[in-house]
Amino acid sequence: MKTYEFKITKDTAWCPGCGNPSIRKALQMALNELQIPHDKIVMVSGIGQAAKMPQYIDVNSFTGLHGRSIPAAIGIKMANHEMYVIAESGDGDNYGEGGNHLMHAIRRNINLAHFVHDNQVYGLTKGQASPTTTSGQVQTFSSEGVRSEAVKPLALALTLGAGFVARGFSGDVDQLKEIMKEAILYDGYALVDILQPCIVWNKVNTFQWYKDRVKPLDEQHDPTDWNKAYEKALTWGDEIPTGILYKVPTESYTKKFGFLDGHTPLVDRELRPTDAEKLMEKMK
Amino acid sequence: MDYNILIGGAAGQGMDSVTNVLNKVLQRSGYHVYTTADYLSRVRGGHNFFQIRFADHEIHSHRRDLDLIFAFNEETLEKHLPRLKEGGLSFSDSSIKGYPDTKKFDFVDKAKDLGNQRVFTSMGLAVILRYVGLDTKIAEEVIRESLREDLVDMNIEALRFGYDLMDNDSPVTHTESSRILIDGNQAIGLGAVAAGCKFYCGYPMTPSSGILGFMEAASKDFEIAVDQVEDEVAALNMALGASYAGVRAMTASSGGGFALMQEAMSLAGILESPIVVVDVQRPGPATGLPTYTEQADLRFLIHSGHGEFPKKVIAVRNAEDAFYQTVRAFDLAEKYQIPVILMSDQYLADSNVTTEPFDMKSIEINRYLADPKDYAAGTYQRYDITESGLSPRLLPGRAGENLVIVDSDEHNEMGRIEESAENRQKMVDKRYRKALPMTEELEEPWEMGTDDFDTLVVCWGSTYGVVKEAIEELNEEGKKIKALAFADVFPLPLETFKKYHEKAKNYVVVEQNHDGQFEGLIRQEALVKADHLITKYDGRSFYVEELKERLEEIL
């Protein structure tokens, strides 16, 4: 593919005023600036409004099941480790239904950029609480307020040993673009939690609510300082820090196989049944 | 000659290691071997046993009546002595009291003298070898190959000591043999490697774990990405990701794990993703009997995945069949862009058998991929509606200047979400149309028994071996029986069945479940009801003798 101008579709199933188009704008800009050929990128998503992202940008895509974008993304990366794999979906998809996969993707340190649209609510199913909804907040089917505590995704990722942990905001496209670029190029698992309003279903965490609170990390922030990053990951209230909280070099999953990184991708291997004779010899 | 030996004791006493050595010795001495394992879901204690049958002719099953019992504990004698044939030998260590007809040896005392109580197993092994007319030469060779270095001399000394405990001067016989020794899980694993499987993942679950173990062991040499995943939901989704990216991929589990894969099975259906999934059955419901056997997942598998989409289910009949059907499964999955499900069970998974080496040269791999050169930039559509229903398959990053877009939502030809009624109908029709030719290449069942028959016996999957032996013996006794063993169970080939069913006065189905699931399937597809249904669902596979008795009751 010769051109690096990533086209986007005008007609989407997103509501007017939603944060998703801004997130898409950031992604489009990131991909354009990175100059990665379209066909070398695979986007993997699940189900939900955020998960429709691959419908509206021209890259290879695998829209799988709700909560299961991560395992599909891992399979893709293992089969063809030369592809840039981006998993993108919502907070319900990744922190609820797919929570177990999140934990194990971090343990594996599989090389993929994981973009989670976090609007603290379920959109497509009409306003139920998500794993990141604030405790006590009233939502569809939580008429007396959510009884559980909210997941703290960045703190969770840090405690599990993630090497790249960041937070963006749909209202700051330039910053989000820069975070996305670094996440895509990072050799390992990179979590980017992206705050965005849901103008229909979340009446508490509105655009203005986020706007009043988000604060980009200052230049003094040392992204290699885990303790500092953890402190920032837990900071949630009048101030919500955004930016790359933590980034250190790690050994990514495909490097741990002696025959992946630096070798022909598995998809291009020649298949020779007679090779299996060696295995059968051992059974004699 | 045809010997049937039982080695029993508590889990952890070492019956498995003595059985492994014995299997290898018998294989290398040129015999046909059929060894089964009966074990409890625990690490220590309980009552476990191995049944080792070997013969100078082909054998297809384990049997009930025993020639020899090597008892590691009293329970073994209590449970299995009634199965000993007249003139058979049972033996144990002299510490087991009572059982006057059982020969007692001072194994343990001598083993302690040698420095390790556990080497008494090699003494018992030598007693068996001498009894059946073999020497210790090959056993010594196997011990040298398989045991830790510091245990070798001790075990060889124990072997020689055991050998002298028996007198048997019948001539020692060895013949050359090229046969391999393999179990059902290894046969599926080997089939996957030969078929070019490049991605395998799974979550450990008895009795399927042997496949994961086999693939992991092959991973480095054969450069296959193998992953022990967090759960079976991840397993199938991950394998589908790998398949989309373009490699042949497989996962395996047993019933419970397979149940967790259902949504992803359905995903394979709508993505039209080639994939091979193995269910090594064990008795359910739920956890059921983790280490025992049953054929009760048939209905579940043919209906697996919500919604409607074409798939194929193959029930493997023995180790050799498991190998070739696995190779075939990979081919059919890519040819028709469908999920192919292989059914095995604990009985096959844990049976070690000798079989002729598989013919790797006969395997041809065709990926059925489209040529990217045929598609100018931006002209490729993954779900192109074609006359055959099969859409050209290109791989992401290997599609020229084209994108490969797939979606679990109902999608249009490009792979984008589309919810219109017209599109929905076109896509469902397309998915079913592509699989139509599959019904023309179904494999008819294997045939056994006499052409002059009045009774037709039908079985499927792993009951093949026991049915074969039972039918052939009944034939020899003058009973006129024809039998069929199905591997392709869904879609179901009925040509052979109908031909024989027409002539049969008595139609019997044998299966290892409660409901008679296969009988019901034939009833549904061929509109005929069995005259007799022989089922077994206690978790233990039919013995040949037992099946003969059950058949004789109704003949």
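Bear in mind the structure is a predicted one, so any value in this text is a computation, not a measurement. Residue numbers start from 1 in every chain, and the chains themselves are labelled A, B, ... in the order their sequence lines are given, proteins ahead of strands.
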Could you look at [X] and say if it's the side chain, the backbone, both or neither that has a heavy atom under 4.5 Å from chain A?
| X | result |
| --- | --- |
| B:L395 | side chain |
| B:V327 | neither |
| B:A399 | neither |
| B:I224 | backbone |
| B:E230 | both |

Using a cut-off of under 4.5 Å on heavy-atom pairs, state which of [options] scores highest against chain A.
| options | value |
| --- | --- |
| B:R398, B:R28, B:Q186, B:K220 | B:R398 |
| B:S219, B:A239, B:A249 | B:S219 |
| B:I363, B:I417, B:D221 | B:I417 |
| B:M414, B:E223, B:R179, B:K198 | B:E223 |
| B:G397, B:G246, B:S178 | B:G397 |

Of all the heavy-atom pairs spanning [X] and [Y], show the shortest one and how long it is.
| X | Y | answer |
| --- | --- | --- |
| A:D275 | B:F222 | O-CE2, 3.2 Å |
| A:A276 | B:L190 | O-CD1, 3.9 Å |
| A:M78 | B:D227 | CE-OD1, 3.9 Å |
| B:F214 | A:L279 | CZ-CD1, 3.8 Å |
| B:R416 | A:P54 | NH1-O, 2.7 Å |
| A:D39 | B:N402 | CB-O, 4.1 Å |

Inspect the surroundings of [atom1] in [X] and state if more than 12 heavy atoms from other residues, nucleotides or ligands are less than 6.0 Å away.
| X | atom1 | answer |
| --- | --- | --- |
| B:Y203 | OH | no |
| B:E364 | CD | no |
| A:K40 | NZ | yes |
| A:K256 | NZ | yes |

Are side-chain heavy atoms of [X] and [Y] found at a separation under 4.5 Å?
| X | Y | answer |
| --- | --- | --- |
| A:F62 | B:N237 | no |
| B:K361 | A:E277 | yes |
| B:R367 | A:L271 | yes |
| B:P357 | A:K284 | yes |
| B:I405 | A:T63 | no |
| B:V233 | A:P71 | no |

Does B:V404 offer a backbone N or O that forms a donor-acceptor pair with the side chain of A:N60 under 3.5 Å?
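Yes; at least one donor-acceptor contact below 3.5 Å.
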For the backbone of A:L65 and the side chain of B:E263, can you confirm whether one donor and one acceptor N or O come within less than 3.5 Å of each other?
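Flag not set: sc B:E263 to bb A:L65 has no pair under 3.5 Å.
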If you measure from CG on B:D407 to OG on A:S61, what distance do you get to the nearest 0.5 Å?
7.0 Å
In Å, rounded to the nearest 0.5 Å, how long is the span from NZ of A:K282 to CD1 of B:I180?
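Result: 13.5 Å between the selected atoms.
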Counting only non-hydrogen atoms closer than 4.5 Å, does [X] touch chain B with its backbone (N, CA, C, O), its side chain (CB onward), both, or neither?
| X | value |
| --- | --- |
| A:V59 | backbone |
| A:E270 | neither |
| A:I41 | neither |
| A:M83 | side chain |
| A:Y84 | neither |
| A:R107 | neither |
| A:K77 | neither |

Step by step, work out the side-chain contact (heavy atoms from CB on, under 4.5 Å) result for A:R108 and B:V229.
CA-CA 10 Å; A:R108 284 187 184 90; B:V229 294; 3.6 Å; yes
Sort out for me which of A:P273, A:A72, A:A13, A:A79 touches chain B most, counting heavy-atom pairs under 4.5 Å.
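Among the listed options, the one with the most contacts to chain B is A:P273.
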So B:I182 and A:M280, side-chain contact (heavy atoms from CB on, under 4.5 Å) or not? Walk me through it.
CA-CA 9 Å; B:I182 192 165; A:M280 196 165 60; over 6 Å; no
